[in-house]
Amino acid sequence: MKKLPLMLASMLLMLSVTACGGNGGNSSAATNAPASADPAAGGSSTAQPAGKAKIKFYTFKADKPEEPIFQAVQAYNAAQDKVEVEYESLVQNSDSTDFMKKLDILVAGGEVVDVFMTGNEDELLERASRSVVEPLNSFFEQESIKPEDEYSKLLKLEDKVYGILPSSTQWLTVFNKDHLEAAGLSLPEMGWTWDDFRDYAKKLTTPEHFGTYFHTWGEYPNVIAYTEKPHPQLSADLKPIFDDPSFEYFFNLRRVMEKEDKSVEPYADVLASNYHVLQQFFAGNASMLAVPSYAVRAALNLEKFPHEFQSMYAPLPRSVDSKELGMTNISGGGLAMGAKSANKEASYDFIRWMSKEAYKFTKEIPAFKGVDGAELINGFFGENTDLIDTASLSKTLFDPNLKMPDTFSVPYGSELKAIVENGFASYILDNRSFEEIKGEMTAEVEKVVQANQK
C-alpha cells in the first residue's frame with residue numbers, strides 16, 4: 001500500500017477522533033419508491049418483500065425530486081424487487097469536495113458505506129489506495145463480461161477496477177457558429193493539429209473578441225499530455241515526462257498566442273477575473289474553446305450563460321507529429337463500492353444498472369457503449385437545435401476513430417496536476433524559460449512520487 005502524504009495522514013487521524021456522531025447523511029424518500037418506474041409518477045409507496053437487500057448510496061447530488069440522480073435511484077427501486085437503495089445526500093450544493101470530506105468523516109467513524117459516487121477520478125482512486133473501495137473485477141468475472149468491452153473508460157488502479165462512470169466527459173472543441181461564419185471558416189475535420197488551432201484562433205480574433213480561451217486548470221498548459229499520453233505527468237516507471245517535446249511545444253504555443261498573436265486573453269487577466277471555464281465563450285468573448293463535453297448541456301442553461309448563438313462541435317486537435325487520429329481524453333466521476341459493504345452483490349447490481357440507465361434521467365453521455373449515439377443526441381437535444389448543432393455534436397462524440405491511449409492513474413494525481421499549474425503560471429507570468437521551469441517541475445514531481453512509494 002502506498003504511504004499517505006503527512007498532511008493527509010494527520011487529517012485522517014483527526015477525523016477518526018472527531019467523527020463520533022454517527023451518520024450525518026439525510027435519508028430521503030428514495031426508500032419509499034413509487035409503484036411506477038417513472039420517478040415523476042408520484043404513486044404511493046408499496047410494502048417491500050421480505051429479505052429485500054437494503055443498501056445506502058452516498059452522493060453529493062441533492063435529495064430533491066427534480067434531481068436526475070435522485071430520479072434514477074427511484075426508478076431502480078421501482079424496477080426490481082431484490083434491492084432497496086437508501087439515498088444519502090451529504091451536501092445540497094453539489095460540491096463533491098465538501099461531500100468527500102464528510103464521507104471520509106463517516107468512514108473514519110465506522111460508518112459502513114455500500115455505494116458512493118465521486119466528482120472525479122482522483123477522488124475515487126485516492127480512497128481506493130487506502131483500501132476503502134472494493135475492486136469490481138470478480139463481479140465482472142461472475143457476469144462473464146470484459147468490462148473494457150462495456151465501457152469507454154474504467155477507473156482502475158494497478159489493474160483493478162474500482163469504479164464505473166455513470167457518464168463520460170469527453171474533450172472536444174466548441175465553436176460560436178456566428179463567429180465561424182463571419183471569419184469565413186468551416187468546421188475543422190478529424191486530424192486537424194494544434195498549429196491549425198493557432199491559425200483558427202488568429203483568424204477568429206476581432207477587436208470585439210478573442211479567437212479562443214485557455215482556463216487555469218492543469219490540463220491547459222499541455223492538453224496533448226491528457227489526450228495522447230498514458231499519464232499526463234508520469235511514465236510507466238513513475239518518472240516525470242516533462243522532457244516530452246509536447247510540453248515545451250504547448251507552453252510555447254500558449255506564450256506566442258498571448259504575446260504575439262493576441263488571439264487569447266492574457267493569463268494574468270484570467271487569473272484576476274476568476275471566470276467559470278465556460279463564461280467567456282458563452283459571453284461571446286471567445287470564439288472557440290477546447291473543453292470537456294459538459295459544455296454541451298451548459299448551452300441550454302440560459303440563466304447562467306445567456307446567449308443566442310448556436311454552438312458547433314469538432315474533435316480536439318492532435319499534436320503536429322502524431323500519426324494517430326481521434327485521440328481524446330475521457331473522464332468523469334465514478335460509482336464505487338465500499339470495501340466493508342455487507343451487501344456487495346446488491347451494491348454491484350445497483351452500480352451496473354446506474355451505469356446503463358442513469359443517462360436517461362441525467363441526459364448525459366454514458367460511458368456504457370451500448371447506446372445509439374445519433375438517436376441519443378437527437379433525443380437529448382432535438383428540440384434545442386437553435387443552440388446546439390446536433391449533427392456536428394453526434395459526429396464528434398461518436399466518431400469511430402475516437403480513442404484513448406492505454407492510460408494508468410495514481411492516487412496522488414491531483415498533486416501532480418497542481419505542480420504543472422504552478423509551473424506554467426510562473427512560466428507565463430514571470431517570462432521564465434521552459435528549461436528552468438521543467439527542472440523545477442521535475443524535482444517537485446519526483447518528491448511527490450517518492451513520498452507515495454511503497
> So does D199 pair up with K203, basic N to acidic O under 4.0 Å?
Replying inline: yes

>> Before we go on, tell me: are the rings of Y220 and Y267 under 6.0 Å apart, centre to centre?
In response: no

>> Within a 6.0 Å radius of atom NZ on K202, are there more than 12 heavy atoms belonging to other residues, nucleotides or ligands?
In response: yes

>> Can you tell me how the ring of F214 sits relative to the ring of F197, calling it parallel under 30°, perpendicular over 60° and tilted otherwise?
In response: tilted

> Is a salt bridge present between K369 and D149, judged by a nitrogen-to-oxygen distance below 4.0 Å?
Replying inline: no

>> Closer than 4.0 angstrom, basic N to acidic O: yes or no for K64 and E67?
In response: no

> Is E324 salt-bridged to K403, going by a charged N under 4.0 Å from an acidic O?
Replying inline: yes

> Does K156 pair with E148 as a salt bridge, N-O distance under 4.0 Å?
Replying inline: yes

> Is any side-chain N of the basic residue among E248 and K438 closer than 4.0 Å to the acidic one's carboxylate O?
Replying inline: no

> Do S273 and D269 have side-chain atoms, one donor and one acceptor, less than 3.5 Å apart?
Replying inline: no

> In terms of the angle between their ring planes, are Y87 and F70 parallel, tilted or perpendicular, with boundaries placed at 30° and 60°?
Replying inline: perpendicular

>> Strictly below 4.0 Å, N to O, side chains only: are K160 and E134 in salt-bridge contact?
In response: no

> How are the rings of W194 and F250 set to each other: parallel, tilted or perpendicular (split at 30° and 60°)?
Replying inline: perpendicular

>> Within a 6.0 Å radius of atom CD on E308, are there more than 12 heavy atoms belonging to other residues, nucleotides or ligands?
In response: no

>> Between D104 and R130, does any side-chain N to carboxylate O distance fall below 4.0 Å?
In response: yes

> Are any of the side-chain nitrogens in K56 or E111 under 4.0 Å away from the carboxylate oxygens of its partner?
Replying inline: yes

>> Between E189 and K395 (salt bridge meaning N to carboxylate O under 4.0 Å), is one present in this structure?
In response: yes

> Is it true that E446 and K239 have a side-chain N and a carboxylate O under 4.0 angstrom from each other?
Replying inline: no

